[in-house]
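All remarks here apply to the structure that follows.
Every value quoted in this text rests on a predicted model; they were computed, and no experiment measured them.
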Protein chains: 2
Amino acid sequence: MADQELFSPESNFEVRTIGTHLGCNRATAHPRNVVKFAPQEHVFMQGDAPKGIYKVLRGTVILYRLMADGRRQIQSFVSGGEYLAMTFADRHDVSAEAITPVEILCTPRAMFDRRLQNEAGFRQRILTMMGTKLQSAREQALLLGRKNAMERTASFLLFLDHRFRNPETGYVEIRMSRCDIADYLGLTLETVSRMMNKLKQRGIIDLPQATRFAVCKREQLVSLAGEVDCLEGIAA
Amino acid sequence: MADQELFSPESNFEVRTIGTHLGCNRATAHPRNVVKFAPQEHVFMQGDAPKGIYKVLRGTVILYRLMADGRRQIQSFVSGGEYLAMTFADRHDVSAEAITPVEILCTPRAMFDRRLQNEAGFRQRILTMMGTKLQSAREQALLLGRKNAMERTASFLLFLDHRFRNPETGYVEIRMSRCDIADYLGLTLETVSRMMNKLKQRGIIDLPQATRFAVCKREQLVSLAGEVDCLEGIAA
DNA sequence: CGTCGGTTTGAGCGGTTTCAATATAGGTGG
DNA sequence: CCACCTATATTGAAACCGCTCAAACCGACG
């Protein structure tokens, strides 16, 4: 649903830049603690103390970890309707950065706990969601630990196609850079580019521009991905 | 605590082999649904329908995923006191295999839900635990996606040392094969062996036998691991 | 038309894997 | 207690995949 934001040519709604970090004081200045972020802005950084429970209302955020020398691993994409990093630890273990214009709802921890206690349906949804996120993280671990470059790329394209294909045209708008893809797949951007163009040469995908593709030979792409699951449910 | 089971020379308590799979009918034959498994036995397999919520009372279980051609990625180690794969989906996405003698408590889903509703402390523990598991999975993703063989091995040794060092001797008993380590780190067993022996040669660890080691130069090992976190909290 | 960020493409290198041989430890039976 | 046997671990040599570095290309935008 709201996932589409990542890939639809949604015109950039006006963003009131509030700063790189989300401060509760600032947040409370808005009705219902809704804060907006422009692309490239951080919702929070690795090491920050959580200010509450964050929910993405609109847009897409990436969660990533950095190493001291700059190597980056993107953990997941979080889109509209999903919760961001529901950590109950005292420090965020990941950084969260908007890659589209984003609206974030920040709920105080106490209120979140109250809902968990009082609303069975809410509790169920939250638990299911955490289970799904765990499952996605494991899927990613299999990909990162045991798949080669072509399998990773094929898996990713199938994931994009599954979640973001425009049913009219059959094409997917890729609204992220090769570098972001690479940092998600544990590859370099050059390798991602090579794999995608190899798939194009073989006629398995159509890639008219760097930012658009369509799956032509699904069977072959699935078999190249090495797994049926194809990251389904990632960031879900 | 019960984690020690993996590494203490705990004599094999008598195991009543009940079969490779855990059947609820069998489970109910035992008081409080406790079932025992011998090493190499499966608690459940990828694709099985969950029979309830599993808790490891004693011993250590690995969670892993297999690819069609046999490649394996170990997702986590689950030790005494921890919950196994608290999935709320209709199929297990991973297989669970005992690597030591193990006792598993199987709680019916409905009873688990009831406790979640009625006991705030229980709810809190479960949520915190799922958060911790998610964090571990992300830590592993960084390791698998962005660390080289030496960094992975050093991280793993620090993790073992942190969790399983015998405070008397300073040594850790490694109660798993090089192959299991490799399948956890996304490497081959030969590479794991090479890295460990390179660390031994440099005097960074002592490795009198293949199954025992101690950290000699912690500073250097930490710096080789590339990160401070060192998988802390994995499987926790 | 020129600039700038991002993408593609190429050549060479290096780390990890692969395959194979050897070494070691643990268990069994003589 | 020793010899054997099997598992697992170590070590070596060669191949290969993905990375690094560098150059060319492309599209958007002034």
Side-chain angles (χ1 to χ4, degrees), chain A residues 9 11-12 39-40 67 69-73 99 143-157 160 172-202 205-213 224 226, chain B residues 9 11-12 39-40 67 69-73 99 143-157 160 172-202 205-213 224 226:
Chain A
S11 56
N12 27 358
Q40 328 293 338
M67 290 179 65
D69 58 5
R71 279 175 284 179
R72 182 176 70 147
Q73 178 63 48
I99 60 173
L143 180 144
L144 293 172
R146 289 304 181 203
K147 291 191 179 181
N148 62 30
M150 183 50 87
E151 290 169 331
R152 296 183 199 196
T153 307
S155 299
F156 184 69
L157 292 178
L160 288 186
V172 180
E173 305 292 327
I174 310 173
R175 308 225 8 207
M176 54 197 299
S177 69
R178 294 288 183 270
C179 182
D180 284 348
I181 298 175
D183 282 348
Y184 180 68
L185 296 180
L187 300 169
T188 60
L189 65 93
E190 293 96 332
T191 299
V192 170
S193 177
R194 270 184 257 269
M195 295 301 136
M196 289 182 62
N197 283 287
K198 189 174 291 186
L199 289 171
K200 177 185 180 182
Q201 278 171 23
R202 293 202 220 158
I205 63 172
D206 182 31
L207 187 65
Q209 311 141 45
T211 59
R212 280 183 94 229
F213 81 96
L224 281 174
Chain B
S11 56
N12 28 357
Q40 327 293 337
M67 291 179 65
D69 58 4
R71 279 176 284 178
R72 183 176 70 150
Q73 179 64 47
I99 60 172
L143 179 144
L144 293 172
R146 289 304 181 202
K147 290 190 178 181
N148 63 27
M150 183 51 88
E151 290 168 331
R152 296 183 199 195
T153 307
S155 299
F156 184 68
L157 293 178
L160 289 185
V172 179
E173 306 292 327
I174 311 173
R175 309 226 4 208
M176 53 196 302
S177 68
R178 294 289 183 271
C179 183
D180 285 348
I181 298 174
D183 282 348
Y184 181 69
L185 296 180
L187 301 169
T188 60
L189 64 92
E190 293 95 332
T191 300
V192 171
S193 178
R194 272 185 256 270
M195 295 301 136
M196 288 181 63
N197 284 287
K198 190 174 289 186
L199 289 171
K200 177 186 179 181
Q201 279 171 21
R202 293 202 221 158
I205 63 171
D206 183 31
L207 188 65
Q209 311 141 47
T211 59
R212 281 184 93 228
F213 81 95
L224 282 175

Options C/dT17, D/dA9, D/dA22, nucleotide nearest the side-chain atoms of A/E190: D/dA22
Gap between atom CD of A/E151 and atom CG of A/L224 - 0.5 Å precision: 8.0 Å
C/dG10: pairing nucleotide in any strand, Watson-Crick or G-U under 3.5 angstrom: D/dC21
Whole-Å distance separating the CE atom of A/M176 from the C1' atom of C/dT7: 15 Å
Straight-line distance of A/L144 CG to B/Q73 CD, nearest 0.5 Å: 8.5 Å
Euclidean distance, atom CE of residue A/M150 to atom P of D/dG18 [Å, nearest integer]: 9 Å
Closest to the B/T188 side chain, choosing from D/dG18, C/dT17, C/dT8: C/dT17
Syn/anti state of C/dA23 by chi, 90° boundary around 0: anti
Spacing of A/L207 atom CG relative to D/dC25 atom C1', expressed in whole Å: 15 Å
Value in whole Å for how far the C1' atom of C/dG5 lies from CZ of A/R178: 14 Å
Interatomic distance, B/L187 CG vs C/dT18 C1' [rounded to whole Å]: 14 Å
Side chain to side chain contact (heavy atoms under 4.5 Å, CB included) assessment of A/M67 paired with B/K147: CA-CA 9 Å; A/M67 290 179 65; B/K147 290 190 178 181; 4.1 Å; yes
Pairwise 5' ranking along DNA chain D for A/G186 and B/S193, keeping only the more 5' one: B/S193
Inter-residue atom distance B/K198.NZ - B/M150.CE, 0.5 Å rounding: 5.5 Å
Minimum-distance nucleotide (side-chain atoms of B/N197 versus D/dT10, C/dT16, C/dT8): D/dT10
Salt bridge present between A/D180 and A/R175 (N-O < 4.0 angstrom): no
Side chain of A/A210 (C-beta onward), nearest among C/dT16, C/dT7, D/dC19: C/dT7
Length of the line joining A/I181:CD1 and C/dT7:P, which is rounded to integer Å: 8 Å
Selected nucleotide, minimal atom distance to B/R194 side chain, candidates D/dG18, D/dG12, C/dT7: D/dG12
Distance, rounded to the nearest Å, where B/M195 contributes CE and C/dG15 contributes C1': 8 Å
Touch class at under 4.0 angstrom, heavy-atom based, for B/L189 against every strand present: base
Watson-Crick or G-U wobble mate for D/dA7, both contacts under 3.5 Å: none
Phosphate OP1/OP2 of D/dC19: any A/T191 side-chain N/O under 4.0 Å: yes
Nearest-Å distance for atom pair CZ/C1', residues A/R212 and C/dG6: 18 Å
